[in-house]
Amino acid sequence: MSISDKSRFEEIKASGLLPSPKGVALAVMQLAQDERTTNAAIARAIKADPALSGRMVKAANTVQFGRRRPVASIPDAVVVLGLNTVRQLALGFSLVSDYRSGRCNHFDYERFWAHSLVKALAMQAIATHVRVAVPEEAFLVGLLSNIGRLALATVYPQEYGELLAQRECCDKEMVRLEQLRFATDHNQLTAALMSDWGLPDVFVGPVLHQEAPAAGNYAQGSREYVLAYALGLSRCLADTCLSPEPSRAESLPELLMLGTHVALDSERVALVADQAVKDWAEWGKLLEVPVPSMRPFSELVEAAGAAPQADSVGQEIEPQKLRVLLIDDDRSVLLLLDRLLGTAGYHVFTAPDGKSGLHTAMECRPHLIVTDWLMPEMDGVQFCRALRNTTIGRGVYMLLLTGVEEEARLLEAFDAGIDDYVVKPVNPRILLARLKAGERVVSLQTEVESDREEIRRFAAELAMTNRRLQEAALLDSLTGIPNRRYAMDRIQQEWSAAERNSRRLACMLIDVDNFKRINDTYGHDVGDLVLKRVSDVLKQTARTQDVICRIGGEEFLVVCPDTDAVAAVQCAERLRIAANSMRIPVGNVALQITISVGVAAMDAGMNGPESMIKAADQAVYAAKEAGRNRTCVYRPRTPGVVKDSVASA
């Protein structure tokens, strides 16, 4: 952001009208950013707001976070959700509650929050596939990515309302009008607000360019590039969700094209969309945001692929006809060429200028394009250059109509990507001959593409097989939970993330008590059953953010991100009590199982995750020595290991 942009933001901020978290929500956000803050302090702050308390407890019990034992208290809700999610919910609840309506008559507040919520959930779903950001951070970025629009409606309700009332234009035109009226625009305000709230710079830049990701000039594949296009994909998905049912399928080409920039194929774009829509229903209830019924995107994609294509007047396209797009601002030339090419057996589409031609090309996907050079807004060379930058436009054969044959000008046109040209006034026989030459090129490209498609299909099947083999290699065959190999990789990732972002990290080692005696007394089949039941209980009782793995024999490792020693001990006790309450019928005997748990938290004295696991191992050894069926925690600043909780044997 430039100095002038920052100065303008400071002027607007000085008005005191900008959207911002207030009261308890603001206090929670500030506490969550302090690494010394405890879960108890966060819980005390939330309790001061009954509405926020109720929503936090409700959030902890929703499908989104898994159906564990019912959460009935704020401290338990904070532990279950984790500090990052608590901070995210506090900000979201505050903004949605405080800015559900306003004085800007032509600003649709309900639609704004519904749109923002879909973007947030879509970004969260994309982050789980692409891993460009932590899903919770991606959610927050999506939720706030349009906050500049709300800011303008809040600070300038009358003026912005007048602008909304008179405009029937694209986002780019709206940005221009906002700049003229307010000396800033909604994208700049969004970026400034996010920066002011302390979000990392890596998110601020992509938000600024979300409506035109290519304008960010980010290196292809870079984190900022992927984030910018992910925001574009999320925005397109939100627009689709809030559009009328009959017109939703029209946005599929754009959705799928944006998906290619973030390495998502059509199947995964549909998965992301369906996951966002599914979560939208739950979060809509939670935030009291209206959610319309939605047909699954996978069905839309399948229907779009099976449906016959049609031209602009709704007639079915004959598959044997090649599609030609004519672009010219002279209507008489368009009519003449339309009749000429239609008689020659082509299926013809028309557009009056380059800008409209781009939109038409995305819809009809022509094999050949004939475009005039001189046109308003976007000329033929600019159109050619823009289309060649898209996946669809790379294989199209392009003919340029020109009234000049200057060498320098023609070289410019060929550099832009034209394949051939015809001099005006157009000789019909020459034009048809050039198109026939283009047909031969298109035919060869079709054959090559068919071969490539076969190779891609084979590669996709091979990739699917490899992915299944990789998943199998990372899962424990007996219990179905991640194995030791996955556990070591994951704890290393969490350790690196904790160091990079100054976050907390803890782990637990869990050992099934007297497991050898169970095997010797009842047999290995009963021992296997015990391990399965223990792993099931751990999965059902642990928090959503915890990662449970079997690392060998009767030992389990639990990785606890964003967790200090105190919270980890609380979680460990829940696991121990749940295991102790379990009964396994073996013949006429109800077998009671107990576990010993060792807890260790990340400390400055540790040189890696192996040190933390070793500390947890010492703690579980101490629990065994102290009589089993108990939790012990490793204290790095105190010699030895201190027992935090003891259960009756």
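Numbering of residues begins at 1 and proceeds along the displayed sequence. None of the values given here were measured: they were computed from a predicted structure. Just so it is clear, the values below take in all heavy atoms, side chains as well, and ignore hydrogens, waters and symmetry mates.
V558 is not listed as a side-chain neighbour of V547, based on a closest heavy-atom distance of 4.5 Å or more. A heavy-atom distance below 4.5 Å is found between the side chains of I593 and V534. In this structure, the side chains of W495 and R490 stay at 4.5 Å or more apart for every pair of heavy atoms. Side-chain atoms of N39 and P75, non-hydrogen and from C-beta on, never get closer than 4.5 Å to each other. In this structure, the side chains of F203 and L140 stay at 4.5 Å or more apart for every pair of heavy atoms. Between P206 and Y218, some side-chain heavy-atom pair lies under the 4.5 Å cut-off. Taking the side chain as every heavy atom from C-beta outward, L557 and M488 approach each other to under 4.5 Å. A 4.5 Å side-chain heavy-atom check between E573 and V597 finds every atom pair outside the cut-off.
No donor-acceptor contact under 3.5 angstrom links the side chains of D562 and Q545, judged on distance only. With no hydrogens or angles considered, a side-chain donor-acceptor pair links D513 and T594 at under 3.5 Å. Checking S596 against R576 by side-chain atom types alone, no donor-acceptor pair falls below 3.5 Å. Inspection of the R550 and N483 side chains reveals no N or O donor paired with an N or O acceptor under 3.5 Å. K119 and Q124 form no side-chain donor-acceptor contact under 3.5 Å, judged by distance and modelled atom types alone.
Taking every heavy atom of both residues into account, A127 and A133 meet most closely at CB-O, 3.5 Å. Taking each heavy atom of V207 and S145 in turn, the nearest pair found is CG1-O, 4.1 Å. Taking every heavy atom of both residues into account, V620 and L509 meet most closely at CG2-O, 3.7 Å. Between R485 and A473 the shortest heavy-atom distance is NH1-CB, 3.7 Å. Considering every non-hydrogen atom in both I126 and S234, the closest pair reads CD1-OG, 3.6 Å. Of all the heavy atoms in W280 and C241, the pair that sits closest is CZ3-CB, 3.8 Å.
Residue-environment remark: OH (Y621) stays at or below the threshold of 12 foreign heavy atoms within 6.0 Å. Annotation for D489: atom CG counts as buried by contact number, over 12 foreign heavy atoms lying within 6.0 Å.
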K614/E610 under salt bridge (charged side-chain N to carboxylate O under 4.0 Å, His left out): CA gap, chis, key distance, verdict: CA-CA 6 Å; K614 185 176 180 180; E610 298 83 3; over 6 Å; no
Intermediate values then yes/no, side-chain contact (heavy atoms from CB on, under 4.5 Å), M602 and R503: CA-CA 9 Å; M602 184 178 183; R503 293 177 176 170; over 6 Å; no
Steps toward side-chain contact (heavy atoms from CB on, under 4.5 Å) verdict (F139, M123): CA-CA 6 Å; F139 177 98; M123 284 294 292; over 6 Å; no
Evaluation steps, side chain to side chain donor-acceptor pair (under 3.5 Å), between Q275 and D279: CA-CA 6 Å; Q275 184 63 50; D279 294 342; 3.0 Å; yes
Worked verdict on V86 versus I42 for side-chain contact (heavy atoms from CB on, under 4.5 Å): CA-CA 9 Å; V86 167; I42 294 285; 3.9 Å; yes
Criterion side-chain contact (heavy atoms from CB on, under 4.5 Å) on M582 and L591, from CA distance to verdict: CA-CA 8 Å; M582 177 178 59; L591 194 61; over 6 Å; no
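Note that CZ of F556 and CD1 of I551 are 9.5 Å apart. Values are rounded to the nearest 0.5 Å. I577 contributes atom CD1, which lies 10.0 Å from atom CD1 of I595 (distance to the nearest 0.5 angstrom). Residue K624 holds its NZ atom at 11.5 Å from SG of C632, rounded to the nearest 0.5 Å. C571 SG to D546 CG: the interatomic distance, rounded to the nearest 0.5 Å, is 5.5 Å. Taking CG of L475 as the reference point, atom CG of L478 lies at 12.0 Å (rounded to 0.5 Å). Note that CZ of R543 is 9.5 Å distant from CG of L575, once rounded to the nearest 0.5 Å.
Remark: the backbone N or O of R517 is not paired with any side-chain donor or acceptor of N514 at under 3.5 angstrom. When atom types are taken as modelled, the side chain of S195 and the backbone of A192 share no donor-acceptor pair closer than 3.5 angstrom. Without hydrogens or angle criteria, R630 side chain to R628 main chain gives a donor-acceptor distance under 3.5 Å.
Sorted by first then second residue, the side chain to side chain donor-acceptor pair (under 3.5 Å) pairs that include residues 519-535, not counting sequence neighbours, are K516-D520.
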